[in-house]
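All ligand and atom numbering here is 1-based and tracks the order in the structure. Bear in mind that the values here come from a model prediction, so they are computed numbers and not experimental data.
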Amino acid sequence: MKISVIGCGYLGAVHAACMADLGHEVVGVDVDPARIEQLSAGRAPFYEPGLPELLTAAIATGRLRFTTDLDEVRGASVHFVAVGTPQLGDSYAADLRFVDAAIASLLPVLGPGDLVVGKSTVPVGTAARLAELIEGTGARLAWNPEFLREGYAVKDTLAPDRLVYGIRPGDDAAVAALDDVYAAAIAAGTPRVITDYATAELVKVAANAFLATKISFINAMAEVAEVTGADVTQLADAIGYDDRIGRRFLNAGLGFGGGCLPKDIRGFMARAEELGVDQALGFLREVDSINLRRRERMVDLAREVCGGSVEGKRIAVLGLAFKPDSDDVRDSPALDVAARLQELGAIVRATDPQAIGTSRRVRPDLTYVPTAIEAADGADAVLLLTEWKEYRGLDPAELGSVVAVRAIVDGRNCLDPGAWRAAGWTYRALGRP
Ligand code: UGA
């Protein structure tokens with residue numbers, strides 16, 4: 001099929017490359033010339049395992065190209081809209097200006113039989129509004145939310161858990177076109193849910209709200225564990241054995257960040273308020289608060305291991321990305337904690353395997369070093385804030401040989417307390433005795 005992808009950020013770049021990998025002819029469009037240049041050269045503008053290889057291979061087949069010229073989407077019959085919907089600066093609501101601009105720029109090139117497919121995360125009601133705008137061109141609209149996780153984006157796109165098609169009732173042609181696009185996944189048995197626009201839009205935010213709630217639930221248990229001497233990691237294991245609960249997404253620690261969960265739960269609350277059902281989502285305010293309280297608790301623990309104040313103390317920060325296998329620092333709990341400690345007068349030395357460049361762009365005032373050993377050199381405390389594999393595997397004796405004080409705070413409950421204590425470290429963690 002001939003496909004266009006409007007917006008080549010995280011979602012769009014991965015989607016374009018994966019669609020070409022599946023054999024479709026794809027043109028990716030973005031307004032940022034630097035991004036288009038990078039992608040055209042087969043370079044991913046962000047760290048995502050497997051993406052550079054996929055880009056290079058797909059470009060070599062001639063099936064994938066990138067451009068800033070929207071006119072080049074003419075000839076494609078399916079147009080994916082994959083632009084960002086960040087949180088507005090002055091409210092919880094989502095900023096739809098990029099979605100609106102993408103649709104407005106597509107209108108002149110659309111013709112009868114074309115299908116526009118929204119992938120961006122939008123407030124419920126958006127698709128119905130956009131469908132009206134498109135109607136005059138003879139093209140149709142479907143809403144097909146994306147559930148990819150950073151770090152697993154390629155796998156999640158090629159082999160998704162499920163496909164959701166939000167369509168106008170009875171639009172069989174839209175279903176047929178999407179089935180052609182996703183023929184490989186469907187043949188592999190991926191379940192698909194065919195529904196209306198509103199349900200499709202809600203599925204996306206409901207899924208992220210559920211995941212955020214699961215994380216904040218276990219972090220709330222961590223708060224209780226902290227005052228009772230209980231161990232939240234064992235608690236998570238024990239309740240996780242119940243299939244109805246499940247162990248995944250029950251890792252207590254510094255909480256969630258990134259470009260999706262925080263802004264999506266806030267956008268969902270804002271939309272619920274507009275719809276007069278804010279009470280239904282009141283619990284998400286708590287989910288957000290619990291999440292943000294973990295960052296404060298982390299700063300408190302740093303204070304405690306430093307003897308009451310971090311002022312003038314040398315603190316090593318291991319991890320800056322919002323999660324491992326990513327260089328994304330949008331609303332990153334780790335970067336936030338590093339910055340707060342510096343503001344409290346600590347001498348922070350931070351490191352991350354991939355996210356130093358992205359961190360420096362938003363916090364040029366922090367000191368960055370390439371390795372954990374350099375960050376820990378002479379440190380009064382070490383804070384592990386993103387559970388990269390190389391940090392989980394750190395040798396307590398080796399790290400102990402460079403620090404000034406053997407004190408570590410495990411912000412992700414990813415170290416073996418026994419091993420660190422046996423090597424003479426003071427080990428503290430969120431939700432663990
Ligand atoms: C999330 C969803 O998982 C995807 O399904 C969704 O498609 C995506 O948002 C999106 O809306 O685009 P992502 O932001 O890549 O994906 O990251 P997650 O793997 O969900 O992790 C989010 C945050 O939760 C991270 O900061 C992570 O450290 C934290 N987390 C995760 C925990 O604190 N505990 C856990 O048990 C799991």
Looking at [Y], is its backbone amide N or carbonyl O close enough to the side chain of [X] to form a donor-acceptor pair, meaning the two atoms are under 3.5 Å apart?
X      : Y      : answer
Asp410 : Leu415 : yes
Arg149 : Asp156 : no
Arg162 : Pro191 : no
Asn413 : Asn251 : no
Thr228 : Ala225 : yes

Please identify which atoms of ligand 1 are closer than 4.0 Å to at least one heavy atom of [X].
X      : value
Lys323 : 13 (P), 15 (O), 17 (O), 18 (P), 19 (O), 21 (O), 25 (C), 28 (O)
Phe256 : 23 (C), 24 (O), 26 (O), 29 (C)
Leu250 : 36 (O)
Glu146 : 7 (O)
Asp264 : 11 (O)
Glu150 : 15 (O)
Gly255 : 26 (O), 29 (C), 33 (O)

Does the residue [X] have a heavy-atom contact with ligand 1, meaning some pair of atoms that are separated by less than 4.0 Å?
X      : result
Ile215 : yes
Lys214 : no
Gly258 : no

Nearest-0.5 Å distance, CD of residue Glu390 to CG of residue Asp352: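 CG of Asp352 is found 8.5 Å from CD of Glu390.
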
Distance-only N or O hit between ligand 1 and Leu148, under 3.5 Å: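 Between Leu148 and ligand 1 (N or O atoms, distance only) the closest approach is under 3.5 Å.
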
Closest to atom 27 (C) of ligand 1 (judged by heavy-atom distance), picking from Tyr152, Phe249, Phe322, Phe210: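 Heavy atom nearest to atom 27 (C) of ligand 1 belongs to Phe322.
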
Residue portion contacting ligand 1 (non-hydrogen atoms closer than 4.0 Å) for Ile218: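 Neither part.
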
Part of Lys204 within contact of ligand 1 (heavy atoms, under 4.0 Å):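 It is the side chain that touches ligand 1; the backbone stays farther off.
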
